[in-house]
Structure formats: C-alpha cells, structure tokens
Amino acid sequence: MNDSEARRRELLQRTRKLYDDGRSVPAIHPRYGNLYRELYEEESPYPENTFFYRLTLGILCFICFVWMESSETKIANVSSTQIVTQIEKQMTLEEVQEVWKNL
C-alpha cells in the first residue's frame with residue numbers, strides 16, 4: 001500500500017468517526033429492535049424512567065395524609081382539611097404567579 005492509499009483510508013476513517021452518530025439503530029426490522037439494543041448499546045448511567053420513584057413518593061405522601069386525617073394532627077400549622085380545600089381550589093394564572101412571588 002502506498003502513501004496515498006494510506007492517507008485516503010485515514011481520511012475515510014476520520015470522516016466516519018466524525019459523522020458517526022452511534023446512537024441510532026440501523027435499519028432492521030422493528031421486531032428485532034429491542035434485541036439489537038440489548039446486545040449492542042451501552043447502558044446509560046441514568047435510569048430510563050422514574051416511575052417507581054414517583055410512585056413511592058406518591059404513596060408516601062398519601063400515607064402521611066391518611067395519618068394526618070386519622071389522628072387530626074397539624075403539620076406546619078396545616079390540617080388535612082386545608083390540604084383538601086387547596087387541592088380543590090380553582091386558581092387563575094395571575095394568582096399562581098402572585099403566590100410564587102410571595103414564597
């Protein structure tokens with residue numbers, strides 16, 4: 001192989017690396033897409049979804065609300081009936097912006 005061939009191959013490899021997205025799945029049948037991703041894609045350091053975290057947080061909030069309701073306690077001077085009232089309250093955008101400014 002002469003110098004010009006080696007130079008052309010090197011330029012071709014650089015160009016491939018430059019324009020290689022690496023994240024897209026090649027044109028394969030959709031049936032085999034999950035199999036391809038499982039075999040060839042790297043795992044992300046972040047979780048794919050946060051459903052279970054959000055579910056756990058929602059269940060925890062519900063348990064705290066039920067506990068507040070049953071024992072009739074106030075947390076930060078707020079009772080369970082005030083929470084229900086605020087959830088049911090209809091607010092305009094201006095009222096929401098005013099509340100956020102006051103925080």
Side-chain angles (χ1 to χ4, degrees):
M1 173 175 4
N2 58 23
D3 291 335
S4 65
E5 276 187 47
R7 177 75 178 142
R8 278 185 274 167
R9 284 184 188 233
E10 181 183 340
L11 289 174
L12 179 62
Q13 288 176 353
R14 283 187 190 174
T15 305
R16 284 182 178 164
K17 285 182 182 178
L18 181 65
Y19 293 107
D20 183 28
D21 190 13
R23 297 180 185 187
S24 63
V25 177
I28 57 174
H29 193 279
R31 178 183 300 164
Y32 304 110
N34 289 334
L35 178 63
Y36 178 85
R37 285 185 199 92
E38 183 180 309
L39 290 174
Y40 296 106
E41 288 188 0
E42 295 178 10
E43 290 187 26
S44 173
Y46 305 107
E48 287 186 20
N49 59 26
T50 57
F51 173 73
F52 292 110
Y53 299 119
R54 292 181 285 134
L55 178 67
T56 305
L57 182 63
I59 290 171
L60 182 63
C61 289
F62 180 72
I63 289 171
C64 289
F65 176 77
V66 169
W67 173 73
M68 284 177 64
E69 181 75 26
S70 66
S71 64
E72 298 177 3
T73 59
K74 286 188 172 185
I75 297 178
N77 294 327
V78 177
S79 67
S80 60
T81 55
Q82 290 174 322
I83 293 172
V84 171
T85 305
Q86 290 299 319
I87 290 172
E88 293 175 346
K89 184 178 179 182
Q90 296 293 327
M91 296 183 71
T92 63
L93 182 61
E94 291 80 22
E95 291 173 335
V96 173
Q97 289 173 344
E98 185 178 325
V99 168
W100 277 102
K101 287 178 184 176
N102 293 334
L103 291 178

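The first residue in the sequence is number 1, and the count goes up from there.
A continuous path of Ile, Leu, Val, Met, Phe, Trp and Tyr side chains, each step under 4.5 Å between heavy atoms, connects I87 with F65, placing both in one hydrophobic cluster. V84 and V66 sit in two unconnected hydrophobic clusters of ILVMFWY residues. Membership requires side-chain heavy atoms under 4.5 Å apart, directly or through other members. One hydrophobic cluster, built from ILVMFWY side chains closer than 4.5 Å, holds both V96 and V99. V78 and L103 fall into different hydrophobic clusters, where Ile, Leu, Val, Met, Phe, Trp and Tyr residues are linked whenever their side-chain heavy atoms come under 4.5 Å apart, directly or through other members. Cluster membership for L60 and W67, using ILVMFWY side-chain heavy atoms within less than 4.5 angstrom, is not shared.
More than 12 heavy atoms of other residues, nucleotides or ligands lie within 6.0 Å of CD in E10, so this atom counts as buried by the packing criterion.
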Assess whether side chain to side chain contact (heavy atoms under 4.5 Å, CB included) is satisfied between Q82 and N77, documenting all intermediate values. CA-CA 10 Å; Q82 290 174 322; N77 294 327; over 6 Å; no
The test is side chain to side chain contact (heavy atoms under 4.5 Å, CB included); show your working for R54 and F51 and say whether it passes. CA-CA 5 Å; R54 292 181 285 134; F51 173 73; 3.9 Å; yes
For side chain to side chain contact (heavy atoms under 4.5 Å, CB included), just list the numbers for M68 and I83, CA-CA rounded to whole Å, side-chain angles, deciding distance to a tenth of an Å, and then say yes or no. CA-CA 10 Å; M68 284 177 64; I83 293 172; 3.9 Å; yes
E95/T92 under side chain to side chain contact (heavy atoms under 4.5 Å, CB included): CA gap, chis, key distance, verdict: CA-CA 5 Å; E95 291 173 335; T92 63; 3.4 Å; yes
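Taking the side chain as every heavy atom from C-beta outward, F62 and I59 never approach each other to under 4.5 Å.
The line from SG of C64 to CD of E69 is 13.5 Å long, rounded to the nearest 0.5 Å. A distance of 7.5 Å separates OG of S80 from CD of E72, quoted to the nearest 0.5 Å.
Residues T81 and T85 approach most closely at O-OG1, 2.7 Å, considering heavy atoms.
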